[in-house]
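Take a look at the structure below.
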Amino acid sequence: MTEMNQNLQKNYFSKHLLDWYREHKRDLPWRRSRDPYYIWVSEVMLQQTRVDTVIPYWHRFLDKFPTVQALADAPEEEVLKAWEGLGYYSRARNLQLAVREVHERYGGIVPDEKEAISSLKGVGPYTSGAVLSIAYNKPEPAVDGNVMRVLSRYFNLDDDIAKPRTRVMMEKLAQELIPEGAAGDFNQGLMELGATVCTPKSPSCLTCPVMEHCAGRIAGKEDQLPVKTKAKPPRPERRLMLLIEGTGEHAGKVLIRQRPQEGLLARMWELPHMELEANSDVKSDKKRQAKAGKWVKRKEGTDPLVYKQEDEAYHAQIQGYMATEEHIPVTASDWVMDVEHTFSHIQWQMSVYRGRIADEKAGVQGFLPFHYRWMAQEEMEKYAFPNVFIRVLDHYFDQ
DNA sequence: AATACGGGGCA
DNA sequence: TGCCCAGTATT
């Protein structure tokens, strides 16, 4: 293609996409506001997360923390609780750190300079571009997965979008395409097209505003683009979990604990559990998958005798763990349920057992390790739990 | 460059 | 049920 044709193709794209967006844009709650804080919160929530999931969270979050100051002043546990179920919880912790910095250093005004906003916790190339363009209409690119898919197809680019340098290349291209004075609408249009028309599977080319000059479509390659290396399958971990029921003054309550300050699900609450065995010999991706798929969940209603030996071995394992690692003497009993939970890099395959404190005196709050608590069903609203534990707790309290 | 970090939707 | 989706921080 000649250079002149490339420029025509780019100009056509910019104009038609912008017109299409202004005609067809969805009525999303954060689009009814120009408040940079509202837009920032929406963009952080939208990282790795679909619009329909985000909407109710966004309303609740801004209802609870309506201003930069309100979020800056809130206890972290309340912020985490408001984020419960949304995933990637470092987003919430980093957002609050960043908002505190905006409050202290910038007088509560979200910075409108690339350098300043990019230095905030949790604000990377995408989020800085999104906030600058949408809230301040600055001509900065906002390249997310939607944008890379759209550009790969329209310009028929076979660069691997999993590579960091491809994102850098796409940012240059996306910036060139921004029409004068219309950065916010154009960037949103690019993402909107990817989300609603130029979808990952079976794109709706016939309704696409730029189909006419889409090089990927003209080459008949829209189904093969974008090129993207596959992620490694998650590593399986067999785990045992306990629902420890209180007695006496703790009757009706279960024992929960807070996770460590750093790492996976940092500072969230959970039911006590342990890894059963380290699959240290599981190296190759194929073996990883085979191992992950091999685990078969136990069905409810199966004759307990079938699993008698396994249950006894598991009881011994987790009782030993609770006594040795946690210094809580526990007796494990009935199997409750099997539950599977897949993170992006780990798959938890968990068997849940009922348990009781073996030594009643150790069940007194003062004698528990500091990160353990007795929790009644009504108190679930006070603690932020990852989804996998909410599923188990709901199952337990509902039966 | 590779890995850690959640959860949901769709065929 | 199996596959796909993909921003930021850290190392």
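A note on names: the letters A, B, ... follow the listed sequences, proteins ahead of strands, and every chain is numbered from 1.
- For the segment residues 42-54 of chain A, residues with any heavy atom less than 4.0 angstrom from an atom of DNA chain B are, sorted by number, A:Gln48, A:Thr49, A:Arg50, A:Thr53.
- Looking at which nucleotide of DNA chain B each of A:Pro164 and A:Arg391 is closest to, the 5′-most match is held by A:Pro164.
- With A:Asp19 as the fixed residue, the side chain to side chain donor-acceptor pair (under 3.5 Å) test singles out one of A:His16, A:Arg22, A:Lys15: A:Lys15.
- Between A:Phe389 and A:His273, a ring centre-to-centre spacing shorter than 6.0 Å is recorded.
- Among the nucleotides B:dC5, B:dA4, B:dG7, the one closest to the side chain of A:Phe343 is B:dG7.
- A straight line from OH of A:Tyr88 to P of B:dA4 spans 12 Å, rounded to a whole angstrom.
- When the side-chain nitrogen and oxygen atoms of A:Asn387 are compared with OP1 and OP2 of B:dG8, one or more of them lie within a distance under 4.0 Å.
- Taking atom P on both nucleotides, B:dG8 is separated from C:dA9 by 23 Å, rounded to a whole Å.
- Between the CD1 atom of A:Ile161 and the C1' atom of C:dC5 there is a distance of 10 Å, given to the nearest Å.
- A:Leu264 places its CG atom 20 Å from the P atom of C:dT8, with the value rounded to the nearest Å.
- Considering every non-hydrogen atom in both A:Arg100 and A:Ala72, the closest pair reads NE-O, 2.9 Å.
- Among the protein residues, A:Leu265 comes within range of the sugar-phosphate backbone only, with heavy atoms under 4.0 Å from sugar or phosphate atoms but none that close to a base.
- Looking at heavy-atom distances under 4.0 Å, A:Ser90 makes no contact with the nucleic acid at all.
- Taking side-chain N and O atoms only, A:His341 has a distance below 4.0 Å to OP1 or OP2 of B:dG7.
- Classification of the A:Trp40-A:Tyr37 ring pair by plane angle, with boundaries at 30° and 60°, yields perpendicular.
- Distance, A:Lys232 NZ to B:dA1 P: 16 Å, rounded to whole Å.
- Between A:Tyr89 and B:dG7 there is a side-chain polar atom (N or O) within less than 4.0 angstrom of OP1 or OP2.
- The aromatic rings of A:His315 and A:Tyr353 sit perpendicular, their planes meeting at an angle over 60°, well past the 30° parallel limit.
- We find that CD of A:Glu237 is positioned 13 Å from C1' of B:dC5, with the value rounded to whole Å.
- A:Tyr21 has its ring centre no less than 6.0 Å from the ring centre of A:Phe186.
- Taking atom CH2 of residue A:Trp40 and atom P of nucleotide C:dG7, one finds them 18 Å apart after rounding to whole Å.
- A:Leu80 and A:Arg267 make their closest contact through CD2-O, 3.8 Å (heavy atoms, listed as atom of the first residue, atom of the second, distance).
- When the P atom is used for both B:dG6 and C:dT11, the distance is 16 Å, rounded to whole Å.
- For an aromatic pair to be called close, the ring centres must be under 6.0 Å apart, and A:Phe61 with A:Trp83 satisfies this.
- Here the closest heavy-atom approach between residue A:Met274 and residue A:Tyr321 is recorded as SD-CB, 3.4 Å.
- A straight line from CZ of A:Arg91 to C1' of B:dC5 spans 10 Å, rounded to a whole angstrom.
- Residues from residues 126-155 of chain A placing a heavy atom under 4.0 Å of any atom in DNA chain C, listed by number, are A:Tyr126, A:Thr127, A:Asp144, A:Gly145, A:Asn146, A:Arg149.
- When heavy atoms are screened at a 4.0 angstrom cut-off, A:Arg165 is found touching the sugar-phosphate backbone but no base atom.
- The nearest pair of heavy atoms linking A:Leu225 to A:Asp158 is CD2-CA, 4.3 Å.
- The phosphate of B:dC5 has OP1 or OP2 within less than 4.0 Å of a side-chain N or O from A:His345.
- Mapping A:Pro200 and A:Val123 onto DNA chain C by nearest heavy atom places A:Pro200 at the nucleotide closer to the 5' end.
- Rounded to an integer number of Å, the gap from CG of A:Leu80 to C1' of B:dC5 is 14 Å.
- Using C1' as the reference atom, C:dA6 and B:dA4 are 14 Å apart when rounded to the nearest Å.
- Of the side-chain N and O atoms in A:Lys121, none sit less than 4.0 angstrom from OP1 or OP2 of C:dT8.
- In this structure, the ring of A:Trp335 has its center no less than 6.0 angstrom from the ring center of A:Tyr314.
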